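Quick caveat, the model's predicted, so the values are computed rather than measured. Order of the sequence lines fixes the chain letters, A, B, ..., with proteins taken first and strands second; residue numbering starts at 1 for each chain.
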Amino acid sequence: MEAEGRVPGPPLPPPSPGSGGGAGARADAPAGAPGAARGPPLAAAAEVLSLDDEEDDLEVFSKDTSLAEVNLFSPSMPISPSSMINQYKIEDEPELRDLFITVDDPESHITTIETFITYRVVTKTSRGEFDTSEYEVRRRYQDFLWLKSKLEEAHPTLIIPPLPEKFIMKGMVERFSDEFIETRRKALHKFLNRIADHPTLTFNEDFKVFLTAQAWELSSHKKQGPSLLSRMGQTVRAVASSVRGGVKNRPEMFTEMNNYMETFSQKINVLDKIAHRIYKEEREYFNEMKEYGPIHTLWSASEEDIADSLKGVASCIDKCCKATEKRMAGLSENLLPILHEYVLYSEILMGVLKRRDQIQGELDSKVDALANKKTEKDLFSEEIGKLEDKVECANNALKADWDRWKQNMQCDMRSTFTNVAENNLRYYEECLATWESFLASQTVDLHVEADSEDRP
Amino acid sequence: MESAEAEPSDSRPEEDGAAPCSGLPPPEQPGATMEECLAKKMEITVSEAEKRTGRNAMNMQETYTAYLIETRVVESQSEGQCAPVDSLWRRYSEFELLRNYLSVTYPHIVVPPLPEKRADFVWHKLSADNMDPDFVERRRIGLENFLLRVASHPVLCQDKIFYSFLTQEGGWKEMVNETGFQLKADSRLKALNATFRVKNPDKRFTELKHYSDELQSVISHLLRVRARVADRLYGVYKVHGNYGRVFSEWSAIEKEMGDGLQSAGHHMDVYAASIDDILEEEEHYADQLKEYLFYAEALRAVCRKHELMQYDLEMAAQDLTSKKQQCEELATGTVRTFSLKGMTSKLFGQETPEQREAKIKVLEEQIQEGEEQLKSKNLEGRDFVKSAWADIERFKEQKNHDLKEALISYAVMQISMCKKGIQVWTNAKECFSKM
C-alpha cells in the first residue's frame with residue numbers, strides 16, 4: 001500500500017472465493033441493483049479507508065440507514081451482516097444524501113507576494129463523524145489541488161473527479177476575468193459534489209478536513225503525512241518495479257478497459273473540438289445577424305407602402321438574433337463544460353489504469369524474482385501474499401468504480417445531449433412563432449387590399 | 001421685353017401610357033391594356049441554356065452560353081389544339097443589345113433590367129464563374145423574367161424590334177443597328193454635365209433620383225450582409241455533420257448507448273445536408289431583390305433623361321434671351337451690357353446703318369427660330385414628364401407588389417427552415433433520450 005503513513009493496514013481477511021474482479025457481476029451494474037452478486041472481498045477494499053473511518057462506518061451503518069447515495073455496489077462498505085442488510089436498504093432509497101456542499105462567493109485576496117482568489121465552501125451534513133452540522137470555510141485553488149492529490153494517493157485505482165485546469169491556454173481568457181472565475185467556481189463545485197457522491201471518497205479523512213478545517217488548521221494538516229521526498233521515493237520505486245507496467249499478466253477486463261478508454265479518449269476530444277467549433281460558428285452567425293435586421297429598418301424609412309412589411313421583417317430577424325444568443329448560451333453553459341470534463345476524465349482514467357498496471361507490475365516482478373531465489377521463499381511468499389491482496393484490492397476498486405463511472409457517464413451524456421436537442425428545439429420554435437405571426441399579419445393585409453381595390 | 005422662359009415642368013400626367021415625346025418613333029397605337037399585352041397573347045419561355053464555342057470579333061475562340069427562347073401563340077379558343085412552338089437561340093450580348101435599344105428608344109420608360117452580367121454578392125459556396133451551372137440556371141430564369149416583364153409592359157410590348165427578337169432568328173442584329181439608335185443615345189458626359197448644371201428640374205424627379213439612390217444603396221448593403229449571413233448559416237449546419245461520424249465511431253465501443261448515438265448521428269447528417277436546399281431557395285429571393293437593385297438604375301436613367309431635357313431647354317431659353325437682348329441693343333443703339341462687339345464698335349467706330357439693319361434681320365430670324373424651338377422643346381418636356389410619370393406610377397405599384405411578395409416568400413422560407421429544424425431536433429432528442 002503506497003500511502004503507508006496515513007493508513008496503517010489492518011490484518012487482511014483472506015479473499016473470498018468470488019474474487020477476481022467479479023466479472024460475472026458486471027451485468028448487474030445498473031443503478032439500484034443489490035450488490036449481492038458481487039463476491040469481491042469488501043474487507044480488502046476497506047483498507048483504502050483509514051482505520052478511523054472504518055470504525056465510524058460500521059457504527060454509522062448499524063444506526064443510520066440514511067447514507068450517501070449508493071446506487072451501485074460500493075467497494076468501500078466493510079463487510080458485515082448488518083452493513084449488508086443496510087446496504088440493501090440504502091439502495092432502495094438512492095436519493096438520500098447526508099452531505100450537501102456548495103462552492104460560491106469568489107473573493108480576491110491581495111498580498112505583497114501574490115494575488116489569489118478564494119471560494120467559500122459551505123457544507124451541511126447530518127453525519128455523525130462531523131462535529132457540527134454546518135461548516136463554512138474559504139479555500140483557494142491550491143487547496144483543491146492538494147485534496148485531489150491526497151485522494152489519488154489514498155485511492156490509486158479509484159476515479160477521482162477532474163479539477164478545472166490551472167490555466168486556460170486557448171481562448172486567451174484572462175486569469176482573473178469574471179467568466180474564468182465563474183467557470184472555475186462551477187467546476188470546483190462539481191468536483192466536491194462528485195467526491196461527496198462517491199461511495200468511498202466521501203468518507204475520506206482529508207476530504208473531511210478540507211470541508212471543515214479553518215485556514216490555519218488546514219495548513220498544519222497539510223504538513224502532516226509523508227514528506228514530498230518520501231512520497232516521490234515511493235513513486236520511483238513503484239515505477240522501477242513495474243518496468244513493463246504489469247501489462248503481461250493483465251486481466252482481460254482491464255485490457256478491454258484500456259482499449260475502450262483509448263477510443264473513448266479520442267472520440268471525446270474530437271467531440272470537444274466539434275462543440276467548440278459549433279459555438280464559434282453560431283457566434284459568427286449571430287454577429288452577422290445583428291447587422292441584418294437594422295438594414296430592413298433603414299430601408300423602410302425610404303418606403304411608404306412596404307414600410308410595414310420591411311419593419312416586420314426587421315423585427316423578426318432581431319428576435320431570431322436574440323434566440324440565437326440564447327442557443328449559444330445554452331451550449332456554453334451545458335455541453336461545453338461537460339465535454340471538457342470528460343476530456344479530463346479520459347486522462348484521469350488512463351492514469352488510473354496505468355496505476356493499476358503498476359501495482360500489478362510490483363507483484364509480477366516480485367513473483368519473477370521469487371522464481372529465481374529458492375532460498376528466501378518464505379519471506380518472499382509473505383510479501384507476495386500482501387502484493388496479491390493489494391492487486392486484488394486495486395482491481396476490485398477499479399472495477400466497481402469503473403462501472404459507476406460508466407453509468408454516470410452514460411447519464412451525463414444522455415442528459416447533456418438531450419438538453420442540446422431541447423435547446424435547439426426551443427430556438428427553432430421561437431423563430432417559427434416569430435415568422436408565422438409576421439406572415440399572418442401580411443396575409444391579412446393582402447386580403448384587405450384585395451377586397452378593397454379595383455385591380456385593372 | 002419678354003424673356004423666353006423654360007416652363008416649369010411639373011404638369012400632372014392624365015392618362016396611362018401616353019404617347020412618347022415627339023422626335024422619337026411614334027407608337028402605332030396608344031399603350032396596350034393588360035389584355036392586349038403581348039404577354040397575354042404569347043407564351044414566352046427561356047427554356048434551355050447551352051454551352052457554345054465560336055469565334056468572336058477578333059477571330060479568337062470563345063466559349064459562351066446560348067439560351068433557347070420558345071414562343072407559342074396563345075389561341076383565344078384553344079380546344080386541345082396547341083399552336084406550334086417557335087424557338088430560337090440568343091446569347092446574353094443580344095439581350096444586352098435589345099435592352100440598350102429599348103432604353104434609348106423609350107427614355108421615358110423604366111426599362112426592365114437584365115440579370116447581372118457577372119455573379120455578384122456571392123457567398124463562398126457559389127462560384128463567381130459565369131460558366132457555373134447554378135449561375136447559368138439562375139441567369140436563364142432571370143432572362144425569362146426580363147422577357148416577360150417587357151412583354152407585359154403596355155408600351156414596350158408593342159415594339160417591333162422586341163417582337164423580332166423573339167421570333168426572327170437571323171438578321172435581327174442588323175435590323176437593330178439599322179434603326180440607328182446608337183446615334184440617339186445621350187453621351188454620359190453630356191448627361192453628367194446636365195445633372196450638375198440644371199437649374200429648375202421637376203421636384204418630383206429630384207425626389208425620385210434620391211429615392212433610387214437610396215434604394216440602390218440599401219439593397220446592395222442588404223444583399224452583401226445576406227450573403228455573409230448565408231455563409232455563416234452554412235457553417236453552423238455543416239459543422240453539425242461532424243457529429244455523425246464521431247457518434248458512429250463512438251457507438252462502436254458502447255453497449256447501451258450505441259444505438260442512440262448511431263441514430264442521433266444519422267439525424268445530425270440530415271440536419272447538415274438540409275442547408276443546401278434552404279440556401280438554394282434563398283438565392284431566388286436574392287435574385288428578386290437584385291432585380292430591383294438594377295431597376296433603381298433604370299429609374300435613375302429616366303431622371304437623367306429629364307435633367308438632360310430640362311437643361312437643354314434652359315440653355316435654349318437662355319440663348320433666346322441673350323439674342324433678344326442683342327437685337328434690342330442694336331435697334332436702340334444703347335449698349336446695356338458689356339460686349340466685345342460694343343467695345344470694338346466704340347473703338348473702331350460704329351457700323352453703318354446698313355450693316356446694322358442686316359444684323360438685326362439675322363437676329364430676328366434667329367429669334368423666330370428660337371422661339372419655335374423653345375415652344376416645341378417645352379412641349380417635348382411636358383410630354384416627357386407626363387408619360388414618364390405615368391410609367392413611374394406603374395412601376396411603383398409593380399415594385400410595391402413584387403417586394404411585398406418577396407418579403408412574404410422570405411418569411412415562408414424561414415418558416416420552412418424552422419419546421420425542418422424542429423423535426424430533425426425532435427428526432428435527435430428522442431435518440432439522445434434513449435442513450
The interface call for A:Tyr292 against chain B, heavy-atom contacts under 4.5 Å, is both
Looking only at A:Tyr279, A:Trp435, A:Phe286, the option with the highest number of non-hydrogen pairs under 4.5 Å against chain B is A:Trp435
Given B:His267, B:Glu214, B:Lys238, B:Glu254, the one with more heavy-atom pairs under 4.5 angstrom with chain A than any other is B:Glu254
Counting heavy-atom pairs under 4.5 Å with chain A, the top scorer among B:Ser217, B:Ala264, B:Ala411 is B:Ala411
Counting heavy-atom pairs under 4.5 Å with chain B, the top scorer among A:Ile268, A:Leu439, A:Leu298 is A:Leu439
- Give a yes or no on whether a salt bridge exists between A:Arg194 and A:Asp412, defined as a side-chain N under 4.0 angstrom from a carboxylate O. yes
### Task
Answer whether the closest heavy-atom distance between the side chains of B:Ile109 and B:Leu156 falls below 4.5 Å.
yes
Most contact-rich option vs chain B, by heavy-atom pairs under 4.5 angstrom, among A:Val270, A:Asp305, A:Asn423, A:Asn287, is A:Asp305
So, the part of A:Tyr427 with a heavy atom under 4.5 Å from chain B: the answer is neither
In terms of heavy-atom pairs under 4.5 Å with chain A, the winner among B:Ile219, B:Val239, B:Thr426, B:Asn427 is B:Val239
Honestly, the part of B:Lys399 sitting under 4.5 Å from a heavy atom of chain A is side chain
Practice problem: Using a strict cut-off of less than 4.0 Å between a Lys/Arg side-chain nitrogen and an Asp/Glu carboxylate oxygen, indicate whether A:Arg426 and A:Glu430 qualify as a salt bridge. | Solution: no
Ranking A:Gln410, A:His296, A:Glu422 by heavy-atom pairs under 4.5 Å to chain B gives rank one to A:Gln410
N-O pairing of A:Lys311 and A:Glu303 below 4.0 Å:
no
Margin query: Would you say the ring centers of A:Trp402 and A:Tyr260 fall short of 6.0 Å from each other?
Written below: yes
Highest number of heavy-atom pairs under 4.5 Å with chain A among B:Leu403, B:Val236, B:Leu215, B:Val412 belongs to B:Val236
According to the interplanar angle, ranging from 0 to 90°, do the rings of B:Phe247 and B:Phe432 count as parallel (below 30°), tilted (30 to 60°) or perpendicular (above 60°)? perpendicular
For the residue pair B:Tyr237 and B:Tyr271, categorise the inter-ring angle as parallel (less than 30°), tilted (30 to 60°) or perpendicular (more than 60°).
parallel
_Pair B:Arg149 + B:Asp402, salt bridge at N-O below 4.0 Å_ = yes
* **B:Lys203 bridged to B:Glu207 by N-O distance under 4.0 Å** => no
Turns out that what part of B:Leu261 lies under 4.5 Å from chain A's heavy atoms comes down to neither
Residue from A:Leu271, A:Ile295, A:Asn259 scoring the most non-hydrogen pairs under 4.5 Å with chain B is A:Ile295
Any side-chain heavy atom of B:Ser220 within less than 4.5 Å of one from B:Leu293? yes
Okay, A:Arg283 and chain B: the region with an atom under 4.5 Å from a heavy atom over there is neither
The interface call for B:Tyr243 against chain A, heavy-atom contacts under 4.5 Å, is both
